[in-house]
There are 6 protein chains.
Amino acid sequence: MASTRFLEDLDAHSYADYTSTGQGLVLIPTGATEQHGPHMPLGVDAMLSRAISAAAAEDLDALVAPVFAYGYKSQPRSGGGNHRTGTTSLSAQALIAQTKDVVLELFRHGIRRVVVVNGHFENYQFLYEGLDLAVREARAGGLDDSRAMLLSYWDFVDDATLEAVFPDGFLGWDIEHGGVLETSLMLHLHPEKVDMSRAPDHPPAELTAYDVFPEDPARTPGSGCLSSPAGATAERGELLLSTVRSGIVRAVTSEFGK
Amino acid sequence: MASTRFLEDLDAHSYADYTSTGQGLVLIPTGATEQHGPHMPLGVDAMLSRAISAAAAEDLDALVAPVFAYGYKSQPRSGGGNHRTGTTSLSAQALIAQTKDVVLELFRHGIRRVVVVNGHFENYQFLYEGLDLAVREARAGGLDDSRAMLLSYWDFVDDATLEAVFPDGFLGWDIEHGGVLETSLMLHLHPEKVDMSRAPDHPPAELTAYDVFPEDPARTPGSGCLSSPAGATAERGELLLSTVRSGIVRAVTSEFGK
Amino acid sequence: MASTRFLEDLDAHSYADYTSTGQGLVLIPTGATEQHGPHMPLGVDAMLSRAISAAAAEDLDALVAPVFAYGYKSQPRSGGGNHRTGTTSLSAQALIAQTKDVVLELFRHGIRRVVVVNGHFENYQFLYEGLDLAVREARAGGLDDSRAMLLSYWDFVDDATLEAVFPDGFLGWDIEHGGVLETSLMLHLHPEKVDMSRAPDHPPAELTAYDVFPEDPARTPGSGCLSSPAGATAERGELLLSTVRSGIVRAVTSEFGK
Amino acid sequence: MASTRFLEDLDAHSYADYTSTGQGLVLIPTGATEQHGPHMPLGVDAMLSRAISAAAAEDLDALVAPVFAYGYKSQPRSGGGNHRTGTTSLSAQALIAQTKDVVLELFRHGIRRVVVVNGHFENYQFLYEGLDLAVREARAGGLDDSRAMLLSYWDFVDDATLEAVFPDGFLGWDIEHGGVLETSLMLHLHPEKVDMSRAPDHPPAELTAYDVFPEDPARTPGSGCLSSPAGATAERGELLLSTVRSGIVRAVTSEFGK
Amino acid sequence: MASTRFLEDLDAHSYADYTSTGQGLVLIPTGATEQHGPHMPLGVDAMLSRAISAAAAEDLDALVAPVFAYGYKSQPRSGGGNHRTGTTSLSAQALIAQTKDVVLELFRHGIRRVVVVNGHFENYQFLYEGLDLAVREARAGGLDDSRAMLLSYWDFVDDATLEAVFPDGFLGWDIEHGGVLETSLMLHLHPEKVDMSRAPDHPPAELTAYDVFPEDPARTPGSGCLSSPAGATAERGELLLSTVRSGIVRAVTSEFGK
Amino acid sequence: MASTRFLEDLDAHSYADYTSTGQGLVLIPTGATEQHGPHMPLGVDAMLSRAISAAAAEDLDALVAPVFAYGYKSQPRSGGGNHRTGTTSLSAQALIAQTKDVVLELFRHGIRRVVVVNGHFENYQFLYEGLDLAVREARAGGLDDSRAMLLSYWDFVDDATLEAVFPDGFLGWDIEHGGVLETSLMLHLHPEKVDMSRAPDHPPAELTAYDVFPEDPARTPGSGCLSSPAGATAERGELLLSTVRSGIVRAVTSEFGK
């Protein structure tokens, strides 16, 4: 087995050895190209889902497929809205088709257990549709043991970790875009890509209970962050990663076995 | 103005009078055909979104379009899963296309303000895509003042109402499928369609933080309900309806004016 | 077996009992949201196909799925044209996809015999495509005994009934939009939704042998009716319903057995 | 103007001269590849719509685009059914897309008046959708004077001609597949492609008022013809062509001017 | 076996005899409607692929399906660009769908060996996708021995022929649009459709190594030809046809047997 | 201007500064996940197109969008075929949609000049379609100055470089998959990802002039390389990069200005 967990860095012959066991497991990280405030780069979602997948892959003896660098349209209530400059998104059709295609290819290789690790809130339902279509088609075509999982990494942050990361109280996942969670993880995983001197510090965005079309730019803070990342630290990022990693590993093992 | 709020019951000439003012507002209720336990019918989501839309339409002098009776695939973590008998769902493609088509037709009629009132959790992102495509196309085609809103009715239940409806504590929207909220609303709005003698009484489903493909029937209680509807009453339904109605009316008025 | 024929009013557990026999039969009524003159509501096609399906279902021990409330674009030569205000139509893509999806779901439930009951002329070919795709996919996926029928209800009006309903001579189905047939059926089935005092009385529309794009509003009478509904009566509606009902029941029984 | 009416035989420079007047008119013949009994070839529908288009084009100073040689799935009630060997059909998606694409290209060339001449019953609604999408898109893109017509050639056969061609009485268009009409036209236009010694002579098919899925081969006569072509003659074909040609020319002139 | 190689000229009963052997082979010629200079008609690509297919079919005892008369968008580097008047092209979606549909129909007839003979450079990848989808679907549906080939006819011109046809040196396939190769073949196969008195004589187009969007008309010579057809002769066309025919026959026999 | 050329590493505020000039230029590198022999990783095409884009971006003061890590199905005549384990490809639909979506987003940001830099032969026509659709839609929507280019990097290798890199003669681009060109570029750009001790050394693959469906594994060498990479060196890679970089810069400058 090669010394890398990343499919793009592995040669095909080593990968074929891996798949030939019939026990292979591949994680597909999915992100977005989306504004994340003035202090973090556009690729945060892709970087985090890729890094978290790689960490979990170590424990699962799994491989990590090339990250989906583009995601579904950013929405104002979770990502600031798709009207922002820099946010570069896919339509539903494109994301569904890509998900279906890639998962079917992995099944064709002999991989029977695929996990999609989502790092961009807005992606979830379209990844779900792509996975549903892929698993149906694989099974209709005779690959009866094809299975898949779908998860968003933040759903594995437990209460204890939340308390540690948000000592003043957690205000909800919806406003975490560009906030303490993502910034802490970036400070731990890619500190050179964060510039805390540019981090905004403003009250949390007051989100409405609905969406409007076309988007109303006034509904998103000028920074693009839905809450302040001021409390972010690399230590908190390390704790978050550790919690998420172990949670994902437990979940995958529970469903797919060792 | 005709004496009905429902587009399907209105004649075209009266509707044309309504749209000719340029101030028309149409609500589109969207539901699903989905199992809701042994005590409630398959059409609950469509019935509730339609009734709530009609109530809000009274206050808004709006009309209600024919309900979307079919919705996106039920998911185990919010609706029991699409493997259940009776659940009859649409693909992403079909729901997105229907949403886009219907909204564009309303714009063509002269309606410039459309509100999609969602009654089935799984629909949201596909309605969003359909609305986004419709508003973009309408505006590219010259209807520059076309606007739309998207909301799910439960997002307008406030904390005071939650406390009143769930005196023992609210366990979360995710397990409300077939539970106290929907059953109370049905007892208030369509009591003849509920048979509380068949209502299950079991502990809340323990939901995982992820989805699996293909679905695992063992993850959903046999009843199809994710929590017990035992605490449902018509009075609680009336309170819920009142809260949701006024919340929606406030939101629409806030965005679209009187 | 529950006391309703309507799927949306049935609970999933009773439905599962019904499907478990392997002898289940489901009718899918399809209509439109389309102008039907000043004397009838926009929902006529959906209302009629639903009521006719329910009547036939009684005799066939069948169930009726939620009606397709939206149909294909109204055409000037059969429905007055899609440019009319109030007419709210689907594209080919949306209607084909919805038909395919819903029929496949019924097959998944264990239903092996599906009948689509069309109530809107323009729908037919798109329902045909959806059914063809669904039955092919079901059979390719192993459901080898999946079968379906497609019919338009007016094709079951026999000559004797035509003579009774049109004592002065029948002028052809093409101009029956908003005319005697539909109005009579509505007067019988939903009299409260018809206002004969608003019924137009003008000569039949002179239809061309072709279509034009974009539609030319001058080709449709201002009323939206292609012929006068003046001769409509509830008695004629009752006769029409009786003829159509028994014709459909004979046809379905002939193909699918008792 | 070049000496041919067929676009495929014309060079681009001559065509550009033709379009540059702004008065150009192009007819698009559409047919099918479909069994037409043992006495006629698979290409009958395409051959007839192409020849009829060419005849009308002479009178209209129009051009004829390459024929659509493949059509929508043959249906048992109009063409014998798509299960027959030799019948080679398109899905709705393919036919709609091709229609839209070709019409938009003609508009781009400067042609503002397009007529689709249908020669295969089952095509009509899909051609309609393609035309509707094309004209909408052309106009949304600024080609405000783009117009189109859609017609099926048999809709221009008048009563006098019917009486002359069917002296024993006309039994209806539905059973004319491979019968007297098409065979007479072929005997007049392409006699070398008809072998009357192989023409079947059996009673008309008894068509049901509905369709079944999958198709039931027993519903179509073994010959593939829905009625006997025994009465077909070249003279009757000549009469039919003359009637249809003049009818189409009148209709097009009436809509589009000289 | 009937005396024609063209499916459109064959009756369905004779075709059924042909397919019933299980050894049938069908060639599908694909072309375009595309400007080919002032000296040749718009249908060159379709005419050539059809004629070449017919020639090869003689040697292979094969049949030839109706030609695809419309192809993918002409590109400046191979066909002069899609902005030219007369060029009438399909989108990727339409061409892929048509290819998939037609190939699947032939498989349904009992044909197990299909060859697509391409005559328009820009088509290749879309024909490839259509064939890939068709063969996958046929095999997933149980037609396990379905096979197909895809080729462009000019890939069978060998070096000796190139030297004979281009005695002054061959400049590359990319600039052959409307040049010596196509013109020679047309002079041999359809001399009445070529007017050498209108043939342009200008230096070869200087093609860039990239494409631009929107197309820049200045990049294509005014004639529409990418090189001069001055050296074209019927004799060279005969030689080209002979070489291509025998090359295709050898390739097909090598893959599919006699 | 920020210190990175990679959009994913740039924050949205700095990017907005860049786009606000109206002179922005973005390169989109596109690759594949495809076997490249035992000595190189699956991500070669994506790595090379990204690195080449970054190099050109330096000279052009341009930015580089996140690479398209997945490409169209590998074909035996250019990439070894899509049946190989490790090759993970997109359908035409997915690649076209993704291209269209991403290009339209960049136009929305204020970027008016987009260059797609292709690194995987099979992608070209699908990128072309996506670009054509995007530019048409952007212009129809009012962005009249939107422009794009499409190129494959190897088309900028000139004859002098070919002679230097292939002193024994260049055998053609078609067999360069996994050969000297790609391996040399990788040895220069990512030497740590190449293991020359695993490089195969076998005669070039003898490619046929056609494709077969389903693919025939015997047509590709076991190594997955279509020719031997034995002659690859980092120096040759450096030369290739330099040539390609300057060629692309010249081409872009020539079309889009400085």
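Letters A, B, ... mirror the listed sequences (proteins, then strands); counts begin at 1.
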Between F:Val116, F:Leu131, F:Ile96, the one whose heavy-atom pairs under 4.5 Å with chain E are most numerous: F:Leu131

Validation row: E:Phe126, F:Gln125 side chains within 4.5 angstrom (heavy atoms): yes

E:Arg113, part contacting chain F, at a heavy-atom distance under 4.5 Å: neither

Proximity breakdown for E:Ser146 and chain F, heavy-atom pairs closer than 4.5 Å: backbone

Interatomic distance, F:Phe213 atom CZ to E:Asp132 atom CG [nearest 0.5 angstrom]: 6.5 Å

Under 4.5 Å from a heavy atom of chain F, the part of E:Glu122 involved: both

Distance (rounded to the nearest 0.5 Å) between F:Leu127 CG and E:Asp211 CG: 11.0 Å

Contact winner vs chain E - F:Leu150, F:Val115, F:Val135, heavy-atom pairs under 4.5 Å: F:Leu150

No-hydrogen, no-angle side-chain donor-acceptor test under 3.5 Å, E:Glu129 and F:Gln93: no

Heavy atoms of other groups near F:Phe156 CZ, more than 12 under 6.0 Å: yes

E:Tyr128 portion near chain F, given a 4.5 angstrom heavy-atom threshold: both

Engaged part of E:Asn82 at the chain F interface, taking heavy atoms whose separation is under 4.5 Å: side chain

E:Leu151 versus F:Ala209, closest heavy-atom pair with distance: CB-O, 4.3 Å

For chain E, the option from F:Asn118, F:Leu133, F:Thr208, F:Asp155 that forms the most heavy-atom pairs under 4.5 Å: F:Asp155

Region of E:Arg219 that comes under 4.5 Å of a non-hydrogen atom in chain F: side chain

Under 3.5 Å side-chain donor-acceptor pair for E:Tyr210 and F:Glu255: yes

Heavy-atom contact with chain E under 4.5 Å, split by part of F:Glu215: side chain

